[in-house]
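Accompanying notes for the structure given below.
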2 protein chains.
Amino acid sequence: MSPKGDPPISVIKRLPVYLRVLDNLVKRDIEVVSSKTLSKETGFTAEQIRKDLAFFGAFGTRGTGYTTNYLREIILRIIGLDKQTNVAIIGAGHLGTAFARYNVRENPYTNVVGLFDVSPDIVGDEVEGVPIYHLNELEDVIKHERVQVGVITVPAVHAQEIVNRLVEENVNAILNFAPATLNAPENVRIHNVDLTIELQSLIYFARDQIDEGETD
Amino acid sequence: MSPKGDPPISVIKRLPVYLRVLDNLVKRDIEVVSSKTLSKETGFTAEQIRKDLAFFGAFGTRGTGYTTNYLREIILRIIGLDKQTNVAIIGAGHLGTAFARYNVRENPYTNVVGLFDVSPDIVGDEVEGVPIYHLNELEDVIKHERVQVGVITVPAVHAQEIVNRLVEENVNAILNFAPATLNAPENVRIHNVDLTIELQSLIYFARDQIDEGETD
DNA sequence: GGATGTGAATTGGTTCACAGCA
DNA sequence: TGCTGTGAACCAATTCACATCC
């Protein structure tokens, strides 16, 4: 049946893409989809999609494809989005508030319970219905709201300190936007998104193209 | 000397991390650094760091390490950050403006020349000194300001249309924040950053931890 | 017939182990 | 001696090819 040990992280990162496409298909009342169609909609190869899904079981029908809504629910369960996940965003600057708005509006599967900041100008305000707490209240709110995921959008110098506080409160999944290398115990999962890195690594390829254009 | 063909993309994505650390070291007047120290500061293994750098040449001194400022300049040149890169941000919503502010303030190596939007409420405004143009002006500004990189922060339904317009103007490096699968010619490089995907794939691991905690 | 599910082959990336040099 | 640079060994991930089943 479903084989091997843990699924590789590369597979896990593709699941939300499948979910996004399946959400669309369900909305458009398309009831069955082949790995070939999913390939066109996701940009991944059909074989890869079948292998990815096969990690968790056999959900398709040979000769037909996958039932969109069924597959969608399977993936929700695999990721863990069938149960509510509570998220805290630490840092209510432009990036933190943008992230909050984006997820409250576009991401029905997670629940942003609060933003945290130290600036008296904004503590007490709301962003898209989400309260901005003072950073002092972090531990209390994590406990009361049962926060499972922390999102760090504070300046790099303060990021490690926030990680330590989150870990102390048993928040072991952290999304970090600060340009810093963070340390945490083995069992804590940190995903780093560094906007500068994304932009800079892209510039490598932009330059390439220009060079090619100039060559010859 | 520097071997093999093209460097793998995984190497390219680590270069900006080295750059960030080297910037810090240079600021702290540390003149020499070993791959072991770089390992601690970046989270990558020392062997990997040496291999990465070896792709582009031999920049270290055996028995000593790397000269921080020299290595920094080498990496700047490899990425292409020694010359100015002009960036346009399409979509001046919360995410677009946050990205603009972030890069204007924190990223000295790139130059955000403009934001673009269709909302009359904000067209004509400035964000951190960067003008917000009407989307109609996109092609003109790209030509005049010699834009090499486009950043897409528009809603998913409009993203493909923007890609087409950028490609038409020979912008062949695109950073896409819209949750959509985009099509472009082979020679155009698109990096996707999907904030929902990052959050959702993290939730997979948050759930794991809870399960483990509950087991036995 | 047509699409899934999967072993086998291949490719790509990382780690190991050590030779080479200041 | 100490740290870089790199071939070899290893491991992970993707692609290929096809048997399997509706």
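So you know, we letter chains A, B, ... as the sequences are listed, proteins then strands, and number each from 1.
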[X] [atom1] - [N] [atom2] separation (whole Å):
| X | N | atom1 | atom2 | value |
| --- | --- | --- | --- | --- |
| B/Phe56 | D/dT6 | CZ | P | 14 Å |
| A/Arg50 | D/dA19 | CZ | C1' | 12 Å |
| B/Leu53 | D/dT4 | CG | P | 10 Å |
| A/Lys36 | C/dG5 | NZ | P | 17 Å |

Check whether any side-chain N or O of [X] sits under 3.5 Å from a backbone N or O of [Y] as a donor-acceptor pair, and report yes or no.
| X | Y | result |
| --- | --- | --- |
| B/Gln160 | B/Asn183 | yes |
| B/Thr153 | B/Ile90 | yes |
| B/Thr37 | B/Val33 | no |
| A/Thr97 | A/Gly93 | yes |
| A/Thr42 | A/Phe44 | yes |
| A/Asn86 | A/Glu145 | yes |
| B/Asp117 | B/Ala92 | yes |
| B/Thr68 | B/Ile30 | yes |

How sharply is the helix from C/dG1-D/dC22 to C/dA22-D/dT1 bent, taking the axes over five pairs at either end and rounding to 10 degrees?
-> 10°

Considering all heavy atoms of both residues, which atom of B/Gly43 and which atom of A/Thr181 are nearest to each other, and what is their separation?
-> N-CG2, 3.9 Å

If you measure from the Lys or Arg side-chain nitrogens to the Asp or Glu carboxylate oxygens, is any gap between B/Lys13 and A/Glu198 under 4.0 Å?
-> yes

From the list D/dC3, C/dT4, C/dG5, which nucleotide is the closest neighbour of the side chain of A/Ser34?
->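 The closest nucleotide is C/dT4.
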
Kindly indicate whether the side chain of A/Glu168, heavy atoms from C-beta on, has any atom under 4.5 Å from the side chain of A/Glu139.
-> no

Phosphate-side-chain proximity, A/Ser35 and C/dT4, N/O vs OP1/OP2 below 4.0 Å |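 The answer is yes; a side-chain N or O of A/Ser35 sits under 4.0 Å from OP1 or OP2.
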
Can a side chain N or O of A/Thr61 be found less than 4.0 Å away from OP1 or OP2 on D/dC22?
-> no

Assign a letter to each nucleotide of nucleotides 9-16 of chain D from its 5' end: B, base within under 4.0 Å of a protein heavy atom; S, sugar-phosphate only; -, no contact.
-> ----SSBB

Considering only heavy atoms, which members of residues 62-75 of chain B lie under 4.0 Å from some atom of DNA chain D?
-> B/Arg62, B/Gly63, B/Thr64, B/Gly65, B/Tyr66

